[in-house]
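Note that this is a predicted model, so its numbers are computed, not measured.
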Amino acid sequence: MPSADVFSAIPLHLASPDDFAQVREFFASTGFSDTSLCQHLRIADMSELGLVRWEEIGFDTWTAALAWAVRVFVRGQSAEEGESRLVCGEDVFRSLGTLGLIRTAKSKPSHVLSPVWVYPAAGFVIVSDRRDDPEGGVFAPPEDVVFPAIYAGTLRFLEVLPQARGGDALDLCGGSGIGALQLSRTARNAETADLTERSCFFAEFNARLNSRAVRSWCGDLYAPVAGRQFDLITAHPPFVPATNTNLVYRDGGESGEAVTKRIIEGLPSHLRAGGTGVILCIARDTEEKAFEQRVAEWLGEAASEFDVVFGWEKILTVEEVVESMRKRGMAIDDQEARQLYQRLRGLGTRHFVYGATFIHRTTNGQPVGVPLRVRLTLDGTAADFERLIAWRRWARSVEFPRWLREAKPRLAPNLELTVRHLMQDGGLMPAEFVFSITGGFEARMRPDGWVVPLVARLDGQRSVEEVFNSALAADELPTGFPLAAFSDLVGKMIERDFLRVELPPVPPLATAVSQG
């Protein structure tokens, strides 16, 4: 919990459970949800709120309560007090005021307004700082401003969060607390930590508003939970290279990676065996090493215990990152932009990568394979990473070679084969074969031509060894090509989801019954 001296700087109040219940029930009864609002506003998700043409929205078809809530809380407009009391009812109106969600407008005493931004997200009602001055004056966000939970990056973060499976979960750089709220749906204990007392307070407020058992800590990353371990540790850290300004929610040090690096360095001390760390961020590929390889280095002496899978969504040049910062209104002039570019190049930056990193800790200390990079699509979720990590874990077992020979994989339903033909000897001849798959991950493979008919025979009925022996008997294999090589090829195709197969039962990624 934050110290008392921060309360005066925050418009919210941690009032009674009855006040929170009154307001929670009001929002529920009015249909103040992301599903409802997206439908009414004709947007795909709440990150598109800025694209809404409000003048084209027919509010006359809405209920008076929902129209009022959107006007006051989502759009940040004022409303006449008498109208507000009538729409809300006296009890709800009083509770809204007691919690600090509405107050009298200083410039127009007959009206009320909300000093904070209130909106639905991921099935919750979230409160964060406004992006403007509620009285219409000049707006200058404080360094510890609480970042909104409906921007595209945060919503993407929620999409890749795995289920906690009854374990203990910690969300770092928690901001409004939305990550921990999401984790609380499946965790035994869900906790959130942030450097600023303001974010800590907002996270506590949001937990009570949504009636979720989330504990909010204030401190520098793991400091508030020193000596403790968790089954799931997640983070959507600040990752913008710092300039002359310093916004806590945004700036990530000299290269943008300072916070991300420290989170990963803390996993050996704070992540239990069998647990998983999940980080969504922008990071760097350097001239010497890819980001996932650098992640393994940051894990230190315990790196051999961690399986690292990085799913990248975007690759950005240094120029694109600097220009993006300028376009986002970060007050960088031409000289500062050149200096930032030179600094990032001087640090050996090849380019930036944006995506999700899953870091799974083994349960038996068995050394893991090299870090893996995959192409993550917008349809990708935690389940895709968990499938891949489970496969890699099983592939390290002593039983795996025999099991793979006897396995009966089948072609993935969305597998595509593209054949490129070239003119040869007066006719079109197949010259290149490309397997491609697009699901949670996107992958391509260019096999030799003789591989294609063999793979096509993997129909879920015949084992890998049976298909191999059949091809061997028909003299369809290159001279000296062994079963082990074919099994290895099939294994790689299963890993990248070209082929599907049922894995043997394995322990869950998070230990649901572990003790602190």
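- With a 4.5 Å cut-off on side-chain heavy atoms, P148 and S176 do not count as touching.
- Between R228 and E191, at least one side-chain nitrogen of the basic residue sits less than 4.0 Å from a carboxylate oxygen of the acidic one, meeting the salt-bridge criterion.
- D129 and R198 are joined by a salt bridge, as a carboxylate oxygen and a charged side-chain nitrogen come within less than 4.0 angstrom of each other.
- No side-chain donor from either of H360 and D307 sits under 3.5 Å from a side-chain acceptor of the other.
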**OP:** Starting from the C-alpha separation in whole Å, work towards a yes-or-no answer on salt bridge (charged side-chain N to carboxylate O under 4.0 Å, His left out) for K314 and E320.
**Re:** CA-CA 11 Å; K314 299 176 185 177; E320 286 175 324; over 6 Å; no
**OP:** Evaluate salt bridge (charged side-chain N to carboxylate O under 4.0 Å, His left out) for E135 paired with K106, printing each intermediate quantity in order.
**Re:** CA-CA 7 Å; E135 300 288 348; K106 297 176 182 177; 5.8 Å; no
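- Scanning all heavy atoms of the two residues, the minimum distance from R156 to T377 falls at NH2-O, 3.0 Å.
- In the model, R284 has a side-chain atom that pairs as donor or acceptor with a side-chain atom of T349 under 3.5 Å.
- In this model, a donor atom of one side chain and an acceptor atom of the other lie less than 3.5 Å apart for T234 and D171.
- Within a 6.0 Å radius of CD in E301, no more than 12 heavy atoms belonging to other residues, nucleotides or ligands are found.
- No side-chain donor-acceptor contact under 3.5 Å links R103 to the backbone of S114.
- Put simply, the side chain of Q182 never gets that close to the backbone of G179: no donor and acceptor are under 3.5 Å apart.
- Environment of CZ in R215: sparse, with no more than 12 heavy atoms of neighbouring residues, nucleotides or ligands closer than 6.0 Å.
- Of the possible polar contacts, none joining the W217 side chain to the D194 backbone as a donor-acceptor pair under 3.5 Å is found.
- Looking only at side-chain heavy atoms (C-beta outward), V52 and I57 come within less than 4.5 Å of each other.
- Residues R392 and V309 have side chains in contact (heavy-atom distance under 4.5 Å, counting atoms from C-beta outward).
- With contacts defined as side-chain heavy-atom distances shorter than 4.5 Å, the pair I315/Y354 does not qualify.
- Taking CG of L158 as the reference point, atom CZ of F124 lies at 8.5 Å (rounded to 0.5 Å).
- Of all non-hydrogen atoms in C218 and P224, the two that sit nearest each other are O-CG, 3.7 Å.
- A donor-acceptor contact under 3.5 angstrom links the side chains of S84 and W68, judged on distance only.
- Salt-bridge formation is detected for the pair D231/R272: a Lys NZ or Arg NE/NH1/NH2 atom is positioned less than 4.0 Å from an Asp or Glu carboxylate oxygen.
- The closest side-chain donor-acceptor pair between D144 and T196, if any, does not fall under 3.5 angstrom.
- The distance from atom CH2 of W312 to atom OG1 of T357, rounded to the nearest 0.5 Å, is 14.0 Å.
- D220 places no side-chain N or O within donor-acceptor distance of the main-chain N or O of A223, the cut-off being under 3.5 Å.
- The two residues T192 and A180 come nearest to each other via the heavy atoms CB-CB, 3.6 Å.
- The pair R94-E90 fails the salt-bridge criterion, with no side-chain N (NZ, NE, NH1 or NH2) lying under 4.0 Å from an Asp/Glu carboxylate O.
- You'll find the side chain of F201 reaches within 4.5 Å of the side chain of L12, heavy atoms only.
- Looking at I264 and L299, their side chains come closer than 4.5 Å, going by heavy atoms from C-beta outward.
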Original post:
Step by step, would you call F441 with F385 a ring-ring contact (aromatic ring centres under 6.0 Å, His included)?
Top reply: CA-CA 9 Å; F441 298 133; F385 284 94; 5.2 Å; yes
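- A salt bridge is absent between R85 and E80: the closest approach of a Lys/Arg side-chain nitrogen to an acidic carboxylate oxygen does not fall below 4.0 angstrom.
- For the pair V160/T381, no side-chain contact is recorded, criterion being any heavy-atom separation below 4.5 Å from C-beta on.
- Between F291 and F310, the ring-plane angle classifies as perpendicular under the 30° and 60° cut-offs.
- The shortest heavy-atom contact between I279 and P237 is CG2-CD, 3.8 Å.
- Between E292 and R373 there is a salt bridge, since at least one side-chain N of the basic residue sits less than 4.0 Å from a carboxylate O of the acidic one.
- Put simply, the side chain of W62 reaches to within 4.5 Å of the side chain of V70, judged on heavy atoms.
- Under a 3.5 Å cut-off, the side chain of T186 and the backbone N or O of A164 do form a donor-acceptor pair.
- Taking the six-membered ring for Trp and the full ring otherwise, the centers of Y119 and F32 sit at least 6.0 Å from each other.
- Between E257 and R262 there is no salt bridge, since none of the side-chain N atoms of the basic residue sits less than 4.0 Å from a carboxylate O of the acidic one.
- Aromatic ring pairs are classed by plane angle as parallel below 30°, tilted from 30° to 60° and perpendicular above 60°; the pair F27 and F73 is perpendicular.
- Note on ring orientation: taking the six-membered ring where Trp is involved, the planes of W54 and F59 are parallel (angle under 30°, cut-offs 30° and 60°).
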